[in-house]
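Below, chains carry the letters A, B, ... as their sequence lines are ordered, and counting in each starts from 1.
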2 protein chains.
Amino acid sequence: MAKIGIRYTKPRKLVFEALTHFSKPTSVAEINSYLKNRINLTSIYRTLDLLKKSDLVNVILFGEGKKRYELKDKDEHHHHLVCENCGDVKDIEMQETNMLKNVEEQSKFKVLKHNLEFFGLCQDCQ
Amino acid sequence: MAKIGIRYTKPRKLVFEALTHFSKPTSVAEINSYLKNRINLTSIYRTLDLLKKSDLVNVILFGEGKKRYELKDKDEHHHHLVCENCGDVKDIEMQETNMLKNVEEQSKFKVLKHNLEFFGLCQDCQ
DNA sequence: GACATATTGCAAGTCATTTGCAATAATGAG
DNA sequence: CTCATTATTGCAAATGACTTGCAATATGTC
Ligand SMILES: [Mn+2]
Ligand SMILES: [Mn+2]
Ligand SMILES: [Zn+2]
Ligand SMILES: [Zn+2]
């Protein structure tokens, strides 16, 4: 964390630990209850903003009316599949350069980013 | 509106009119200010919920922390491109059956729906 | 036109997130 | 190591999007 020029504090250690623990898109409320009031809710928000600005987390939206955060460690850019029955989340990687090229040609926009999330039923819940 | 078995009331007329007027994904606040307090905010929310249940509008999420609604009139299923500079929104249709099939094979999920929105710069803003 | 009840407006409530500010703690100069 | 500087925290209050309870009102029906 030193490398991004900020202080290595208890809240930052803890939020990082929580995100590592969950290792999937996690809400602020989940992080907070995992940390059992060891740090303030506001600090969780502020730390997540910082991690986002430092490009260490992805912000994921499943349309629940709240944000989810995921550590940007291992993989490359990817998307998710959410089981609407059990809530399980699975990472999914796909080849999307062709799609992006088509979109740019069709729209004349310069595409900078995109959100793509899938919803359905996992193998067990089908 | 009679065909969906509900009363044809002033708020419903007006929300429908507002959505027609904007003809792009529109927020509740936008609808409200367009209608200039001719109906209550709560009624806008309730009418939009009803239109959604009746499958007459799409709910669109651009990750701004609020929902946008779009009349489901003309086209088929489509996605959007949002200009991060001027806010312009363009509809985009694409062939996605292959992508969906790949996702299902790869994940073993049964895919029921998905969110896909693009962000970038429109032709003018590039 | 009158009735039954679907629908509305308003006030209050909820939930996620943000902000102001005084108290506290992480660094690093000495 | 000690202390000062100032980044960071906790707490309380504010905000914004939406939801809910309920009494007042309007719609479709007979
Ligand atoms: Mn992931
Ligand atoms: Mn559209
Ligand atoms: Zn499942
Ligand atoms: Zn533009």
Legend entry - Integer-rounded Å distance: D:dT8 P and A:K13 NZ: 14 Å

Legend entry - Spacing between B:I39 atom CD1 and C:dT8 atom P, to the nearest angstrom: 8 Å

Inset, instruction - Give the rounded distance in Å between these two atoms: CG of B:L51 and P of C:dT7. - result: 12 Å

Legend entry - Qualifying residues under salt bridge (charged side-chain N to carboxylate O under 4.0 Å, His left out), relative to B:E105, sequence neighbours excluded: none

Legend entry - Nearest-angstrom distance from the residue atom CG of B:N40 to C1' of D:dA24: 13 Å

Atom pairs under 3.5 Å, N or O on each side, protein against nucleotides 28-30 of chain C: can you list them with distances?
none

Without placing hydrogens or testing angles, list every side-chain donor-acceptor pair under 3.5 Å for residues 119-126 of chain B, not counting sequence neighbours.
from: B:Q126; atom 1: NE2; to: A:K108; atom 2: O; distance (Å): 2.6
from: B:Q126; atom 1: NE2; to: B:L121; atom 2: O; distance (Å): 3.4

Legend entry - Residues A:F22, A:Y34; criterion ring pair (Phe, Tyr, Trp, His ring centres under 6.0 Å); working and verdict: CA-CA 9 Å; A:F22 287 107; A:Y34 175 75; 5.4 Å; yes

Inset, instruction - Please state whether the rings of B:H114 and B:H79 are parallel, tilted or perpendicular, taking 30° and 60° as the class boundaries. - result: tilted

Legend entry - For atom CZ of B:R38 and atom P of C:dT8, their distance in whole Å: 15 Å

Inset, instruction - Quickly work out the B:L14 CG to C:dT8 P distance and round it to whole Å. - result: 11 Å

Inset, instruction - To the nearest 0.5 angstrom, please state how far the CG atom of B:D49 sits from the CD1 atom of B:I44. - result: 12.0 Å

Inset, instruction - Could you tell me whether the side chain of A:S107 and the main chain of A:F109 form a donor-acceptor pair under 3.5 Å? - result: yes

Inset, instruction - Could you walk me through whether B:V103 and A:M94 pass the side-chain contact (heavy atoms from CB on, under 4.5 Å) test, one step at a time? - result: CA-CA 8 Å; B:V103 169; A:M94 60 178 91; 3.8 Å; yes

Legend entry - Summary of protein contacts for nucleotides 15-26 of chain C, nucleotide by nucleotide, where a base hit scores B, a sugar-phosphate-only hit scores S (4.0 Å, heavy atoms): -SBBBB----BB

Inset, instruction - Return the value, rounded to whole Å, for the distance between atom CZ of B:R12 and atom P of C:dA6. - result: 11 Å

Inset, instruction - Output yes when at least one side-chain N/O atom of A:S43 is less than 4.0 Å from OP1 or OP2 of D:dG10, else no. - result: yes

Inset, instruction - Mind listing the closest non-hydrogen atom pair of A:E84 and B:K113 along with its distance? - result: OE2-CE, 3.1 Å

Inset, instruction - State whether a side-chain donor-acceptor pair under 3.5 Å links A:H78 with A:E93. - result: no

Legend entry - salt bridge (charged side-chain N to carboxylate O under 4.0 Å, His left out) partners for B:E104, two or more places apart: B:K110

Legend entry - Separation between CG of A:D73 and CZ of A:F16, rounded to the nearest 0.5 Å: 7.5 Å

Legend entry - Overall bend - the helix from C:dG1-D:dC30 to C:dG30-D:dC1, comparing terminal axes fitted on five pairs, nearest 10 degrees: 30°

